[in-house]
Structures are given as structure tokens and as C-alpha cells.
Colleague: 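Could you have a look at this structure, given as C-alpha cells, before my questions?
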Amino acid sequence: MLSDITSFHFKGYDFFIKRDELIHPLLSGNKYRKFYTLIQTPADTYNTIISYGGSQSNAMLAIAALCHQKGWAFAYICKPLPQHLKAKPTGNLKAALDLNMQLIEASDYDTKVSSLKNSGKTLLIPQGGADPLAQAGIMQLGNEITTWQATQNIDKLNIVTPSGTGTTAFYLAQTLPNCQIITTALVGDNTYLKQQMQQLGNIPNNLTLLESSKKYRFAKPYPEFLQTYEELKQNGVEFDLIYAPLMWQTLLDNMQHIQGTILYVHSGGLTGNATMLARYNLSL
Ligand SMILES: *Cc1c(COP(=O)(O)O)cnc(C)c1O
């Protein structure tokens, strides 16, 4: 077992939480699971990793930590940084640069990204680790959950986790056909999320996409997200400020439709909280 499962009482309901945020300070949550294959890969297999995406991405920092451990170079392509961030990098960006990530700001981002490919000892990791390479690590997460479910004699198990690319939810559903996997889209809407998942294969029947009651833009600060974050924290577990608040809100809105035990898989992302709190004019 890479992480424990603890019970969690919230808003009058009983939940369990798979504490994947505690696996490692930088390489944590579902990023640890998604990059598990690479963590197990001998260092001489590659010498360079390339990836791309947002300049405060959790995946970016996880890959930077992985490359630092392995002695691999890491080149990361992003859109040109806003002036303040360029002058003074913060949060995940600062941490990744401190781990020797080479940041490439591309004004022709889309063109640049579409030209990237694997070559020799250089491996390309798609944005957010949305790649079949994530499957083995998420299968292991699924197997840990199955072992726990058997020892607890749980008949009907629902597993909840928020989606960016949907990679984690997709492979969890594939690994655990007898459980219901519940997720919600943080990037775009459910139609977009389904398209993303379909790139990995046919969407399993046991995967449920809950619709949030309101549209939110990805990674923006919303007062209700901060409130949910604070309530969760008061109940004893810190979650991230980008993905978890909407997942919890949407889950709570749908409790009357869910039967059986609920296990929330903590997806990590705590390293981004300081910069998100700063956007609410708060500090950690
Ligand atoms: C990356 C991330 C997600 C999204 O995971 P996907 O597999 O891309 O759906 C969810 N929560 C946190 C905290 C993340 O960092």
C-alpha cells in the first residue's frame, strides 16, 4: 500500500479518503500514480523529457521532481509568461525551475507543441500525463483499493476523483469494473472530457460524469471554492484549491443518487495552494 485510507465525516455524511497526497511532497497524488512507470524506469533509458502545458501545472512540477531524481534533462514548453511571473516565479513554477527545469516560452505554442515527438533517448509526455503510460500506476492504485475493499467487506463501492484530462478516472474505471467511478470535469465541460477520455479507449460503463451546477473556468479563484477548501480543512484534510472544491460540491449535490460506500481518492496538488491562496489575498 503506497497510501492509507482514512475515514472522513463531512456535512453529515461518512466518506473514506485514499490519502495519495501523502505519498511524496512533490511527486504526489495522481501524478505519482500516472508517472509510476517512469519512476520505475532505469535512469539510463532516457536522458531528456519534454512536456508542455500551464506554467503552474501540478504535472509540470511532478515531472521536474522525477527528472531531478533520475538525472534527466527536462524541457517544458508553455505560452509566454505574464510579466509578474517572469520577473518573480512563484509556486509550482519556482519549485520546478529550482529543480533545473528548462522553461521554453513559445509565442507559437500550438505549432510548437504539435511538432514535438519522441526521438532517441528523448521522451515526450503529453500535457497532464494523459498517456497510456499512466495505466500501470493507476492499476496499482486500483489494486490497493480492491484489497482494502475486501478487508472491509464493502459490497457496493463508489470511487470519486476529480478530472482534468480524465486519465486517472478512465484507468480507475477500467481497473475496477465492479465499482462505480464518479468524476466531474474541471477543464471544459463533460463533452470535452469525454473526447479526452476517448483518446485512451472506449469509455467504461462504470464511469459516471457528474454535471456541476454552475460553469467554472479552470484554475480561477471562486469564493465558494475557498469556502469548501476551508471547510474540508477544518474537518482534518487539506485538499487542493483547483480540482477538489468543485468535485466535493458536485458530489454533495448528488448524494441522494449514490448508494453504497464512497471512497474519495485524494488527487494531491497541495504544492499549488500557496499561489492560489495568494490570489484570494490569503497565505497558507
Ligand atoms: C492533475 C490533477 C488532476 C487531474 O487528473 P487527470 O488524470 O488529468 O484527470 C486532479 N487533481 C489534481 C490535484 C491534479 O493535480
Side-chain angles (χ1 to χ4, degrees), residues 3 17-37 51-66 91-93 95-96 125-142 159-175 181-190 192-201 203-204 207-210 212 216 218-219 225 228-229 232 237-251 264-276:
S3 72
I17 302 179
K18 177 82 171 139
R19 304 299 298 274
D20 269 11
E21 86 280 20
L22 301 176
I23 295 178
H24 183 276
L26 300 176
L27 240 172
S28 86
N30 66 19
K31 301 307 180 289
Y32 185 95
R33 303 291 185 174
K34 290 205 266 189
F35 299 135
Y36 184 75
T37 300
S51 191
Y52 52 91
S55 58
Q56 288 293 359
S57 153
N58 293 330
M60 172 193 76
L61 177 54
I63 299 169
L66 169 69
N92 286 353
L93 178 62
I125 302 181
Q127 179 164 16
D131 191 90
L133 115 100
Q135 184 177 19
I138 297 167
M139 265 174 76
Q140 184 178 339
L141 166 62
I159 301 169
V160 178
T161 205
S163 280
T165 65
T167 309
T168 306
F170 178 91
Y171 285 124
L172 265 180
Q174 227 178 41
T175 307
I181 312 301
I182 298 173
T183 191
T184 199
L186 268 294
V187 181
D189 58 9
N190 280 346
Y192 178 74
L193 177 58
K194 277 187 195 152
Q195 285 168 4
Q196 294 291 106
M197 288 175 168
Q198 265 152 4
Q199 299 190 11
L200 300 171
I203 299 179
L207 183 51
T208 301
L209 274 57
L210 296 181
S212 60
Y216 293 95
F218 182 64
F225 283 12
T228 302
Y229 162 86
L232 288 162
V237 182
E238 183 175 7
F239 286 87
D240 83 289
L241 271 155
I242 291 179
Y243 294 91
L246 187 63
M247 184 72 257
W248 277 104
Q249 284 169 212
T250 308
L251 175 62
Y264 188 107
V265 175
H266 197 309
S267 51
L270 302 185
T271 53
N273 280 354
T275 41
M276 281 306 290

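Read the numbers this way: they start at 1 and go in the same order the structure lists the ligands and their atoms. Computed over heavy atoms, backbone and side chain alike; hydrogens, waters and symmetry mates excluded.
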Colleague: Rounded to the nearest 0.5 Å, how far apart are OG1 of Thr183 and CD1 of Ile159?
Modeller: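 The CD1 atom of Ile159 is 12.0 Å from OG1 of Thr183, to the nearest 0.5 Å.
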Colleague: Is a side-chain donor or acceptor of Asp189 paired with a backbone partner of Tyr192 at a separation under 3.5 angstrom?
Modeller: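 Side chain of Asp189 to backbone of Tyr192, a donor-acceptor pair under 3.5 Å: yes, one is there.
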Colleague: Just by distance, with hydrogens left out, do Asn58 and Asn92 show a side-chain donor and acceptor under 3.5 Å apart?
Modeller: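 Checked: Asn58/Asn92 side chains pair up, N/O donor to acceptor below 3.5 Å.
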Colleague: Could you list which atoms of ligand 1 come closer than 4.0 Å to a heavy atom of Lys34?
Modeller: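 Within the 4.0 Å cut-off of Lys34, ligand 1 contributes 5 (O), 6 (P), 7 (O), 8 (O).
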Colleague: For Lys31, counting its heavy atoms only, list the atoms of ligand 1 lying under 4.0 Å from any of them.
Modeller: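 Result: 1 (C), 2 (C), 3 (C), 14 (C), 15 (O).
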Colleague: Provide the number and element of each atom of ligand 1 under 4.0 Å from a heavy atom of Gly164.
Modeller: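 Here the atoms of ligand 1 in question are 4 (C), 5 (O), 6 (P), 8 (O), 9 (O).
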Colleague: Below 6.0 angstrom between ring centroids: does that apply to Phe225 and Tyr243?
Modeller: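 Here the rings of Tyr243 and Phe225 have centres that are no less than 6.0 Å from each other.
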Colleague: Below 4.0 Å from any atom of ligand 1, is there a heavy atom belonging to Gly166?
Modeller: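 True for this residue.
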Colleague: Can you list the atoms of ligand 1 that are under 4.0 Å from a heavy atom of Gly268?
Modeller: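 Going through ligand 1 atom by atom, the ones under 4.0 Å from Gly268 are 13 (C).
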Colleague: Do side-chain atoms of Asn273 reach the backbone of Leu241 as a donor and acceptor pair under 3.5 angstrom?
Modeller: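 Yes: the side chain of Asn273 pairs with the backbone of Leu241.
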Colleague: Could you establish whether Gly29 and ligand 1 come within less than 4.0 Å of each other, counting only heavy atoms on the residue side?
Modeller: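 No, Gly29 has no heavy atoms under 4.0 Å from ligand 1.
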Colleague: Quick check on contacts: which atoms of ligand 1 are under 4.0 angstrom from a heavy atom of Asn58?
Modeller: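 Within the 4.0 Å cut-off of Asn58, ligand 1 contributes 13 (C), 14 (C), 15 (O).
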Colleague: Identify the protein heavy atom lying closest to atom 11 (N) of ligand 1, giving its residue, its atom name and the separation to 0.1 Å.
Modeller: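 Its nearest protein heavy-atom neighbour is Ser267 OG, 2.7 Å.
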Colleague: Has His266 got a side-chain atom pairing as donor or acceptor with Ala244's backbone, closer than 3.5 angstrom?
Modeller: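 Not confirmed, His266 side chain does not pair with Ala244 backbone.
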Colleague: Heavy atom of Pro162 under 4.0 Å from ligand 1?
Modeller: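 Flag set, Pro162 near ligand 1.
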Colleague: For ligand 1, which atoms have a heavy atom of Asp240 less than 4.0 angstrom away?
Modeller: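 In order of numbering, the contacting atoms are 13 (C).
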Colleague: For the side chain of Ser51 and the backbone of Ile125, is there at least one donor-acceptor N/O pair under 3.5 Å apart?
Modeller: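 Side chain of Ser51 to backbone of Ile125: a pair is present.
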Colleague: Check whether any side-chain N or O of Thr37 sits under 3.5 Å from a backbone N or O of Ala136 as a donor-acceptor pair, and report yes or no.
Modeller: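 Checked: no pair found.
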Colleague: In ligand 1, which numbered atoms sit nearer than 4.0 Å to a non-hydrogen atom of Thr165?
Modeller: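 In order of numbering, the contacting atoms are 6 (P), 7 (O), 8 (O), 9 (O).
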Colleague: Specify side chain, backbone, both or neither for Asn30, according to which of its non-hydrogen atoms lie closer than 4.0 Å to ligand 1.
Modeller: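 The answer is the side chain.
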Colleague: Is it the side chain (CB and beyond), the backbone, both or neither of Thr168 that lies under 4.0 Å from ligand 1, heavy atoms counted?
Modeller: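 Answer for Thr168: both.
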Colleague: Please check this pair: side chain of Lys34 against backbone of Gly128, looking for a donor-acceptor N/O pair closer than 3.5 Å.
Modeller: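 Checked: pair present.
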